Amino acid sequence: MQYNPQLIEKKWQNFWNDNRSFETDSDTTKEKKYILSMFPYPSGRIHMGHVRNYSIGDAFARYYRQNNYNVLHPIGWDSFGMPAENAAIKNKVHPKKWTYENIAYMEKELGSLGFSFSQERKFATSDELYTKFEQEFLIDMFDKGIMYRKKGHLNWCPNDLTVLANEQVIDGKCWRCDTEIVQKEMFQYYLKISDYTQELLDDLEQLKEGWPSQVITMQENWIGKSTGLEFDLHFSDESKAKLKNEFESFDVFTTRPDTIYGVTYSALAPEHPIVNHMLKENLLDDDSATKIKAMQRVGARDRAQAEKEGVALNIEVIHPLTGKSIPVWVANFVLTDYGSGAVMAVPAHDDRDFDFATKYNLDIKAVIKPKDGELDSSKAYTEVGVLFDSEEFNGENSATVRQKIMDHFEAKEIGKKVINFRLKDWGISRQRYWGAPLPLIHCDSCGIVPEKKENLPVGLPDDVVIDGEGNPLEKHESWKKCKCSKCGADATRETDTVDTFIQSSWYFLQYVASNPKKVFTKEDVAYWMGVDHYVGGIEHAILHLLYSRFFTKVLRDLGYVDLDEPFKKLLTQGMVLKDGSKMSKSKGNTVDPDSLIEKYGADTARMFILFAAPPTQELEWNDQGVEGSYKFLRRFSEKSENAVAQETLPKIDHSALSKDEKFARKKVYEALQRSNEVFSERYTFNTMIAGVMEAMNALNTQSNSDVWSEGYWVLLSVMEPIAPHLCWELSENLFKRNNLSKIEVLEEVFSADSVAMGVSINGKARAQIEVGVNDDKETILAIAKEAGSKWLENKEIIKEIVVPNKLVNFVVKG
RNA sequence: GCGGAUGUGGUGAAAUUGGUAUACACGCCAGACUUAGGAUCUGGUGCCUCACGGCGUGGAGGUUCAAGUCCUCUCAUCCGCACCA
């Protein structure tokens, strides 16, 4: 058949639409597969990353459908977020209009690729229904204290009057107007992810089977658990008086209690309450106060780059074990939001403390030395060693003594063992319009109360002014006005909307809803969750995947689901590159999917993208490679003329076939076998496609029409997940599509009378032999000796090794 | 600095358990058909060598009858985190 992708692709896309071909089966006794590619943001047009993402997911979905699974393969739109609002500011388009027009256009693009998505379960997260369900969860979270409000330090742009996310601050300036960002303390809503850190860490264990190890590691590091000692450092009486008796002591945390006798100073973060107290009460000289204020102005990001700097506060604390007095400093390298924002400093055994002590000429006191060898006093010794100058702990191993010292502190009730996490509570407030409003009400007498559930959703007003200055909701007086849900008095709505990561933290649950107009039920979740294959970019390794895991656990505890982890298997796809770097508009190295499809068709695009590299690896774009995929599909189409139309798999007497015919059948079933392996464990679609090509090459060397027909019966089924349009067309014409289903691997084609083996001498390949499959070891050795006689002459054979079906190795001497 | 990944022909890449390294494709070369070919088909194609043969999976060692695969060290590139006490 002449290959005309434009014609057949349109034809089958219409067929699939008209026949609702990819909806789920309501029979829940069937075994299920939930195949999900991460949903897209409706930016305007699809790019190659999308094509790769959905081609991988679609291959899984189609494969499992052929193998009689009940397959859920949904898609939707992650449609809240800043770009819509930025477009509104720039082009005066309403965010809603911009978003939904983009969705319509991109749906057309995705449609032209022939992906087998469920159409009935589709939604956009900016749909009011989705917001309604989400607001119910948020109200429950607020009631249970999982969502709370507190003051936090935030990036604030004084020109645009809005909070910015960390990634929107570039070199300390607003990404849009270039204004210097200030740290502003304001009220924010948070989700208590800190209640779940230990579980999020522990449950990574059950994901190790199905998730890439690097993602597990990244999450472990991000959660950042550390165990150590927390204790108070008490001020001397003199210092207490100097601080006007406002402070008795402050907390420090250390993971190195073994170095406790080496503490020579203590350091506070510039934002520490004691520092602020001293500034406020004018307890510092002008010069010191100025320096500290300058430190406070530097953002966290720049501080990490800056040189170590400090100011002596001229106050002192008492060492908890030795009773000696220790000076207190302010240091720019002490983190405000980790631990208590204060540290004990051990310059002899910590690089940072060493640098600081050297710069300011502070005491350095070593208390650990190497087991053998001398202590090098020109730098900090941070390895494990033996304690000295440490009173009762002298001679102990520094690693094992940590527990003992912590026990000692606990026994004396001057400190305790604590676990610290790097992961902080999730700040979810955004002072933005295009997001889901927090369903909360501020009432003068009742405080902050949730909206009544029957009044949900709290939707967005359409008539807003979006000019990039401040939160449009804040300026919308009539929208803000409401009644208190508790006492009925006049009240105002909360104007913060939520982080869009909230929407993507549960969208995969709403897809399982058997009635898409209602929120998912426990039964839906019990049948469909977890996601069997989750496909997406590695860039979501931390945020999205961690938030989704957290949200799932919260919904479990709120009684919505019986589920601990949402994603069983995760496949992180590699980037699509051109000329060695990531495709991007600014580099001008993009390839437009639309024009590719127009020129070669969707099947070629899908095939190339799966053939050029394994899915987890980076993919280097190559126009000639695309051409190659197209040529293969054209040949695949044209050669189908060798097959004969029929409705069942032809029966073939294998023993009556010629060598080439036997070989062709073997290659065909090898391709099928490889396809089963690839989908169940390896995901290397490139090798699966190579197998189909090999089978085609082998079919071409013979002309038995039964072998051809059987070959097409099998290969069309194997290729269908990759190039569905062509395969449906050929299957329809040849086999009434009876072959697009589970096909058993025919073992008989793998049996052979003889097998090729290699002969090597001293491990060096020398000859090839052909032996009978039933030949015993002696016969094989005899044949091998004959073949290798040239290299065995006048040599003594010391050892003979026969690896059945593979090779014979002679070890010789002389 | 810490953590992770990758390194194989001219190129993208195969090699599933330690067992004939380079499957499949791109490119290139030659030939056929052709007025012509950037179409199609056939054959060839790791490197050195006229050949015999030798060398060859980033590099150096090691284990083994046998190493791309296992071990030790090392180099390069990429990614993530980065003063987390």
Side-chain angles (χ1 to χ4, degrees), chain A residues 212-218 220-222 224-226 228-229 252-257 259 267 300-301 303-308 331-335 337-346 349-353 355-356 420-424 538-539 541-542 574-575 577 580-581 608 611-614 616-629 631-632 634-635 638 674 677-678 681-682 684 686-697 700 756-769 797-812:
Chain A
S213 59
Q214 41 171 337
V215 176
I216 304 260
T217 311
M218 283 165 84
E220 279 170 357
N221 293 343
W222 191 262
K225 179 179 178 172
S226 60
L229 176 69
V252 292
F253 172 74
T254 179
T255 54
R256 293 293 306 275
T259 64
R301 217 159 258 229
R303 225 179 271 189
Q305 314 288 335
E307 205 196 318
K308 290 193 175 37
N332 65 343
F333 68 89
V334 178
L335 301 174
D337 52 6
Y338 187 76
S340 55
V343 296
M344 67 175 214
V346 186
H349 305 295
D350 182 282
D351 292 322
R352 298 157 299 183
D353 298 346
D355 291 349
F356 192 81
N420 242 312
F421 290 96
R422 183 180 170 276
L423 182 64
K424 293 283 168 270
I538 185 85
E539 65 272 22
I542 295 173
M575 283 190 306
L577 310 179
S581 61
F608 171 73
F611 181 59
T616 53
Q617 238 171 78
E618 289 178 339
L619 186 152
E620 175 68 32
W621 195 263
N622 178 343
D623 290 329
Q624 282 165 325
V626 177
E627 188 82 29
S629 292
K631 284 179 189 170
F632 173 80
R634 191 174 58 198
R635 271 199 310 277
E638 287 167 0
R674 197 180 294 183
E677 274 169 26
V678 162
E681 46 199 305
R682 304 209 290 138
T684 47
N686 54 329
T687 63
M688 182 187 120
I689 295 167
V692 173
M693 290 172 166
E694 283 179 57
M696 274 303 285
N697 291 346
N700 256 319
M757 289 177 72
V759 178
S760 55
I761 319 287
N762 287 344
K764 204 166 280 294
R766 290 298 186 188
Q768 279 246 339
I769 55 172
I797 298 177
I798 303 168
K799 202 166 177 183
E800 296 165 336
I801 294 134
V802 178
V803 184
N805 302 325
K806 301 270 183 184
L807 59 69
V808 179
N809 187 26
F810 295 110
V811 184
V812 302

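Only a predicted model underlies this, so the values are computations on that prediction, with no experimental measurement involved. First the proteins, then the strands, lettered A, B, ... as listed; each starts at 1.
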Using the C1' atoms only, state how far C79(B) lies from C24(B), rounded to an integer number of Å. 29 Å
Can you tell me if the side-chain N/O atoms of Arg766(A) get under 4.0 Å from OP1 or OP2 in G54(B)? yes
Base A85(B) to side chain Arg256(A), donor-acceptor N/O within 3.5 Å cut-off: no
Is the phosphate of C55(B) approached by Lys764(A) (side-chain N or O, under 4.0 Å from OP1 or OP2)? yes
Out of A85(B), G80(B), G19(B), which has the shortest distance to the side chain of Val334(A)? A85(B)
Does atom CD (Glu307(A)) have a neighbourhood of more than 12 heavy atoms from anything else shown, all under 6.0 Å? no
Measure from NZ or CZ of Lys308(A) to the centre of the six-membered ring of Phe356(A), then state whether that distance is under 6.0 Å and the direction lies within 45° of the axis. no
Spacing of Trp621(A) atom CH2 relative to U11(B) atom C1', expressed in whole Å: 16 Å
Using a heavy-atom cut-off of 4.0 Å across all strands, would you classify Ala756(A) as base, sugar-phosphate, or nothing? base
Options G3(B), A39(B), A15(B), nucleotide nearest the side-chain atoms of Thr217(A): G3(B)
Within the structure shown, what part of the strands sits under 4.0 Å from Lys308(A) by heavy-atom distance: base, sugar-phosphate, or nothing? base
Ser760(A) side chain N/O closer than 4.0 Å to the phosphate oxygens (OP1, OP2) of A66(B)? no
At 4.0 Å (heavy atoms only), tell me whether Lys424(A) reaches a base, stays on the sugar-phosphate, or touches nothing. nothing
Could you measure between the two C1' atoms, the one in U64(B) and the one in U72(B), and give it in whole Å? 16 Å
For the side chain of Gln624(A), counting heavy atoms from C-beta on, which of G27(B), C81(B), G4(B) is nearest? G27(B)
When you measure from the side chain of Asn221(A), which nucleotide among G12(B), C26(B), G3(B) comes out closest? G3(B)
Quantified in whole Å, what is the P atom distance between nucleotide G9(B) and nucleotide A5(B)? 22 Å
Whole-Å P distance, C71(B) and U17(B): 14 Å
Remember a base hit wins even if backbone is also touched, and classify Asn420(A) as base, sugar-phosphate or nothing at under 4.0 Å, heavy atoms. nothing
Rounded distance in Å between the P positions of U74(B) and A67(B): 24 Å
Tell me whether the OP1 or OP2 atom of U64(B) has a side-chain N or O from Asn809(A) closer than 4.0 Å. no
Examine A14(B): is either OP1 or OP2 under 4.0 Å from a nitrogen or oxygen in the side chain of Asn686(A)? Give yes or no. yes
Can you figure out which of C65(B), G80(B), A13(B) approaches the side chain of Pro614(A) most closely? A13(B)
Ignoring the backbone of Phe611(A), work out which of A23(B), A25(B), A85(B) is nearest its side chain. A25(B)
Please work out if Asp350(A) contacts a base, only the sugar-phosphate, or nothing of the nucleic acid, heavy-atom cut-off 4.0 Å. nothing
Counting side-chain heavy atoms from C-beta on, which of C78(B), A23(B), C41(B) comes nearest to Glu618(A)? C78(B)
When the P atoms of U57(B) and U69(B) are compared, how many Å lie between them, rounded to an integer? 9 Å
Pick the nucleotide of RNA chain B nearest each of Tyr338(A) and Gln214(A); which residue has the one closer to the 5' end? Gln214(A)
Interatomic distance at C1', C55(B) relative to G4(B), whole Å: 34 Å
Compare the minimum distances between each of G12(B), A39(B), A21(B) and the side chain of Ala765(A), then state the nucleotide with the smallest one. A21(B)
Nearest-nucleotide pick for Trp222(A), side chain only, options being A15(B), C81(B), C24(B): C81(B)
Are any of Arg674(A)'s side-chain N or O atoms less than 4.0 Å away from OP1 or OP2 of A23(B)? no
Could you tell me how far U49(B) sits from G56(B) if I compare only their C1' atoms? Round to whole Å. 15 Å
Name the residue closer to the 5' end of RNA chain B, choosing between Phe421(A) and Val811(A) according to the nucleotide with the nearest heavy atom. Val811(A)
Considering only side-chain heavy atoms of Gln768(A), which listed nucleotide, A85(B), U20(B), A25(B), is closest? U20(B)
